[in-house]
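Side-chain atoms are counted along with the backbone in the values below, which use heavy atoms only and exclude waters and symmetry mates. The sequence lines fix the lettering, A, B, ..., with proteins before strands; numbering per chain opens at 1.
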Protein chains: 2
Amino acid sequence: MSAVRPKSTRDRNQEILDAAARVITERGLAETRISDVAEQAGVSPGLILYYFDSKDRLLSEALTYANDQFFLRMSREIRRIPSAKEQLRRLVDLSVPGYLPEFGKLDEWALWMEVWVRALRDPQMAKDREILDQRWRQSIADIVRAGQAAGEFGPGDADEIALLLASLMDGLAIQVIMNDSQVSPERMHRLCMAVAAKELGFEL
Amino acid sequence: MSAVRPKSTRDRNQEILDAAARVITERGLAETRISDVAEQAGVSPGLILYYFDSKDRLLSEALTYANDQFFLRMSREIRRIPSAKEQLRRLVDLSVPGYLPEFGKLDEWALWMEVWVRALRDPQMAKDREILDQRWRQSIADIVRAGQAAGEFGPGDADEIALLLASLMDGLAIQVIMNDSQVSPERMHRLCMAVAAKELGFEL
DNA sequence: GCCGAACTTGACCGACCGTTCAAACGCCGG
DNA sequence: CCGGCGTTTGAACGGTCGGTCAAGTTCGGC
């Protein structure tokens, strides 16, 4: 049967991508070596190049893979919440680095920043980034529209408000993961919710 | 006299920092070689290490130097504008990448993103970044306060509004320099001014 | 069991690049 | 003109990786 090889191959692929994402998160893209990824994955360096054509390809795929995973996890969780207002709150909860104690602080945003820098010069990465980002804004816009349809939110251009909230979270998250002394996770959370409440006309 | 050596030394220092900033802007931090900087500055590679202890130090200094220059240039220009509202508009004009045709698109923001990534792991860079960022927010807050004092703007916590506007611009600028098809310079500009108008209660 | 293909290893190569250094240059005071 | 010091050069060194490869291992199908 041909089911075995593809399955184990895909497993190895994901294992390596996971390992790569973990190493990048910890050491940063610039300081990530193939041997680091191999060690993290518990395999030999040679195997990495057996599954990925080059280091660059591996790292690019790892970045989009990790961000994709994050989006899917959040997406799944939010879909279960009935109230749009609570969906939005949860989205902010999960987006503010270090706000929920059970999650690491760097993790997602640090990778996201590496994506930005790489996307400046790598056309494939640029394309992937745009898709990921538009999907992200889209899901915020969907929440807004759902809330408006349910009467939880006031009127307003959903796409414009989504862009506003997404960009605001990007900008604030940067300060927070940098440990800026004036921008705590709590302050970021408060400001995001305040802007959302003002734009969407709901009470906190 | 001792005036000659310090002067020429400082010139060389700045020349090299300028050259480094230009190379980083063009090729990205990761792809910047000492020999590239030397070539850009029109000197030999050895001289770079004569003026800077190491490549890392050089690049860190170049990043803060360039951002510092940008801030001072903008600061000087804005101080000459009498109306707070016009100051704000000009600040947005100059911050939106590619909005004014006479300025390059990547320049400042691309360097700024490199600062972010590096600051994640380099404590000195982290310290410098926080200072630069706070000074930036501070100058926005000053405009807000001036406008409030002059009756151009409505009431509101100036520091909170400054953080909001600064973060929003960060987040939007990222999309714009990435050439996101849905976030044009014009849209960024419009959204920034709309939020400012809404928060500060003025007409566009 | 045995064959072959897929998978895995780790030693090795070669290029690249940060850094060092000995030598040359040029300018200024004397 | 000369001596010396600050500056500049560019060749050379050495370490670090990305990528290759030949040999070994595993495993499913016959």
Taking atom [atom2] of [N] as reference, at what distance in whole Å does atom [atom1] of [X] sit?
{"X": "B:F52", "N": "D:dT8", "atom1": "CZ", "atom2": "C1'", "answer": "16 Å"}
{"X": "B:N13", "N": "D:dG6", "atom1": "CG", "atom2": "C1'", "answer": "15 Å"}
{"X": "B:D11", "N": "D:dG6", "atom1": "CG", "atom2": "P", "answer": "18 Å"}
{"X": "A:Y51", "N": "D:dG19", "atom1": "OH", "atom2": "P", "answer": "18 Å"}
{"X": "A:D36", "N": "D:dC17", "atom1": "CG", "atom2": "C1'", "answer": "11 Å"}
{"X": "B:I48", "N": "D:dT8", "atom1": "CD1", "atom2": "P", "answer": "10 Å"}
{"X": "B:L47", "N": "C:dA24", "atom1": "CG", "atom2": "C1'", "answer": "14 Å"}

(request) Find the distance between CD1 (B:I177) and CH2 (A:W116) and round it off to the nearest 0.5 Å. (result) 9.5 Å

(request) Report yes if a side-chain nitrogen or oxygen of A:R12 is closer than 4.0 Å to either non-bridging phosphate oxygen (OP1 or OP2) of C:dT8; otherwise report no. (result) yes

(request) Give the nucleotide from the list C:dT8, C:dT9, D:dT7 with an atom nearest to the side chain of B:Y50. (result) D:dT7

(request) Produce a footprint string for nucleotides 12-23 of chain C: one letter per nucleotide, 5' end first; B if the base is under 4.0 Å from any protein heavy atom, S if only the sugar-phosphate is, - if neither. (result) -----SSSB---

(request) Determine whether A:E199 and A:F153 make a side-chain contact, defined as any pair of heavy atoms from C-beta on separated by less than 4.5 Å. (result) no

(message) Any side-chain to backbone donor/acceptor pair from A:K198 onto A:M193? Under 3.5 Å, distance only.
(response) no

(request) Could you tell me whether a side-chain N or O of B:S167 sits under 3.5 Å from a main-chain N or O of B:L164, the two making a donor and an acceptor? (result)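 Absent.
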
(request) For the pair B:F71 and B:W136, name the ring-plane relationship: parallel under 30°, tilted 30 to 60°, perpendicular over 60°. (result) perpendicular

(request) Go through the side-chain N and O atoms of B:S83 and B:E152 and say whether any donor and acceptor fall under 3.5 Å apart. (result) yes

